[in-house]
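Single-structure report; data block below.
Hydrogens, waters and symmetry mates play no part in the numbers below; they use all other heavy atoms, side chains included. Note that this is a predicted model, so its numbers are computed, not measured.
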There are 2 protein chains.
Amino acid sequence: MRMRRRQGNPFNVNANSSTSIDTPLSPNMEDYMENISMLLKEHDVVRVKDIAKKLNIKMPSVTAALQKLKDKGLVDYEKYGHVQLTAKGKEVADTIYEKHSFLTEFFKDILGMDTQEAEQQACKLEHHLSSDASNRMQRFVEFYKQEQLDSQQWISRLDSALEEKRLSDLKEGEKAEIVRILGSGPLKKRLLEMGFRKGEIIHVIKYAPLKDPIEISIKDFLLSIRVEEAHSIIVKPLKNHD
Amino acid sequence: MRMRRRQGNPFNVNANSSTSIDTPLSPNMEDYMENISMLLKEHDVVRVKDIAKKLNIKMPSVTAALQKLKDKGLVDYEKYGHVQLTAKGKEVADTIYEKHSFLTEFFKDILGMDTQEAEQQACKLEHHLSSDASNRMQRFVEFYKQEQLDSQQWISRLDSALEEKRLSDLKEGEKAEIVRILGSGPLKKRLLEMGFRKGEIIHVIKYAPLKDPIEISIKDFLLSIRVEEAHSIIVKPLKNHD
DNA sequence: TAATATAATTAGTCAAGACTAATATTATAT
DNA sequence: ATATAATATTAGTCTTGACTAATTATATTA
Ligand SMILES: [Mn+2]
Ligand SMILES: [Mn+2]
Ligand SMILES: [Mn+2]
Ligand SMILES: [Mn+2]
């Protein structure tokens, strides 16, 4: 469910042409704020060129953005001049950066992603988290990092879990061991009856992606299975020489 | 760091005017796929009107979207006809819905948000998660829901944590108890020396938002503190009659 | 079957946010 | 102090994905 801002009504006469102030910042504008703030922490003079480089865009785009952000009272900026944040602007930037930080910690320290990917993910998601969700998640990250006990347990389990695939993701000719079967209803029961059990070795005979069914063998039995069903069978691919 | 798609080069002569196929789906297009799939699970005939209603947009927007999705080979659709998903389209929709599901579980069952907010958050974030992050997070949710032991501990701690604020979020006249002080460097040391200790009661005397400093009292001492410092003091507001 | 109501499409507009090309300003080097 | 280089701005274009108004096609009802 989405709320899209109503926009572009040509008959809205109270035009208030500069709708600038007060409407929430778009993800892109938030990134401008965040990155200007970061640049200001490193150098005390920030130029259009610096922002363009950091955000990997061209200078005219930056100029346009700065004009909007100035209208909103978030940056101090005069033509051809240097860029500063207003008090309000700093608040905004800090709020965003805080989300960036705990999200990064979450992806890095809890989910075990490497620094760069973690940062990237964080910098995308930060613009879409409600403040309630942010609070809760921030608490959660703090909490989890204190209880290092079982987080160890989790991390070690994660590594092997990441080697797992779904049967439907295997390619023709691949072999794999069944790790577990998702679901709980009659579907799971049927799969068990067909011979899909934990530990069994599967060999994919024929698999045309998107075309049902997949043909496989389990200890010399030939079986056909629909993609949809294969989707809920978790396997661990075997190296070729097994 | 962002990658923006390069766009709008008027001199790109290999125009390939229908750049349609193969470029990744935008968040909005992903929502179309997801919701069409949901509608198809309930009714076996899906009309433009249904999609418009579900997504809370107008019919012409839907028509335009369907034309694009058809170009990309994701929907079966003829003018004035009913809407179906292609095999590829189903795959796409399922992938998105899977993210939607475990994200919802995360916000609901781990962070304790109510169903509706959890769904909303999930449906925003689902479009921005890499497949690696998705995998890890899905594993994490599964793992966490099995170890109900300490998740209990966490949930109960969360409730009280959500009553907490930062000193910088209090309004003039409010009283609060210090819960803890964030950070670790010399800043924290200085705050402790000033008398900010766990359990102390704070009374905010004067606070003009965005204007340093904040004036407060701790057991009859008057103190001034900068917003930035107040930001790292976690407090629990007291009811008026305390 | 004809008249009406509902549903869907087209045409044209708008805002955001990127881009290029051309121009203007400021900084640096001779 | 001037010439050149580096930066920044304007003007105009493009795509995406909304919107309204007008038109066309399909369904329903008399
Ligand atoms: Mn970001
Ligand atoms: Mn960020
Ligand atoms: Mn969504
Ligand atoms: Mn969703």
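Between Glu126(A) and Lys124(B) there is no salt bridge, since none of the side-chain N atoms of the basic residue sits less than 4.0 Å from a carboxylate O of the acidic one. Using a cut-off of 4.0 Å between Lys/Arg side-chain N and Asp/Glu carboxylate O, Glu105(B) and Lys145(B) are scored as salt-bridged.
With rounding to whole Å, Ile57(A) atom CD1 is found 20 Å from dT15(D) atom P. We find that CG of Leu55(B) is positioned 18 Å from P of dT16(D), with the value rounded to whole Å. Separating the CE atom of Met59(B) from the P atom of dT6(C) is a distance of 12 Å, rounded to the nearest angstrom. Rounded to an integer number of Å, the gap from NZ of Lys79(A) to P of dT7(D) is 20 Å. If you measure from atom OH of Tyr80(B) to atom C1' of dA7(C), you get 9 Å, rounded to the nearest angstrom. Per the geometry, NZ belonging to Lys72(A) stands 11 Å off C1' belonging to dA16(C), to the nearest Å. Between Lys58(A) atom NZ and dC19(C) atom P the separation is 6 Å, expressed in whole Å. Arg47(B) has its CZ atom 10 Å from the P atom of dA27(D), to the nearest Å.
Phosphate proximity of dT10(D) to Gln67(A): present, with a side-chain N or O under 4.0 Å from OP1 or OP2. A close approach under 4.0 Å does occur between a side-chain nitrogen or oxygen of Asn28(B) and OP1 or OP2 of dA18(D). The side chain of Ser26(B) contributes an N or O atom lying less than 4.0 Å from OP1 or OP2 of dG17(D). Phosphate proximity of dC19(D) to Ser61(B): present, with a side-chain N or O under 4.0 Å from OP1 or OP2.
Note: Tyr144(B) and Phe140(B) have tilted aromatic rings, judged against thresholds of 30 and 60 degrees for the angle between ring planes. In this pair, Phe106(A) and Phe106(B) present their aromatic rings tilted. The plane angle is within the 30 to 60° band.
Take Gln116(A) and apply the side-chain contact (heavy atoms from CB on, under 4.5 Å) test, not counting sequence neighbours, and it matches Asp114(A), Gln120(A).
In the set dA8(D), dG17(D), dA7(C), the nucleotide with an atom closest to the side chain of Lys49(B) is dA7(C). For Pro60(A), taking side-chain heavy atoms from C-beta onward, the closest of the listed nucleotides dT9(D), dT9(C), dA16(C) is dT9(D).
The pairing partner recorded for dG12(D) is dC19(C), the criterion being a Watson-Crick or G-U wobble arrangement whose two distances lie under 3.5 angstrom.
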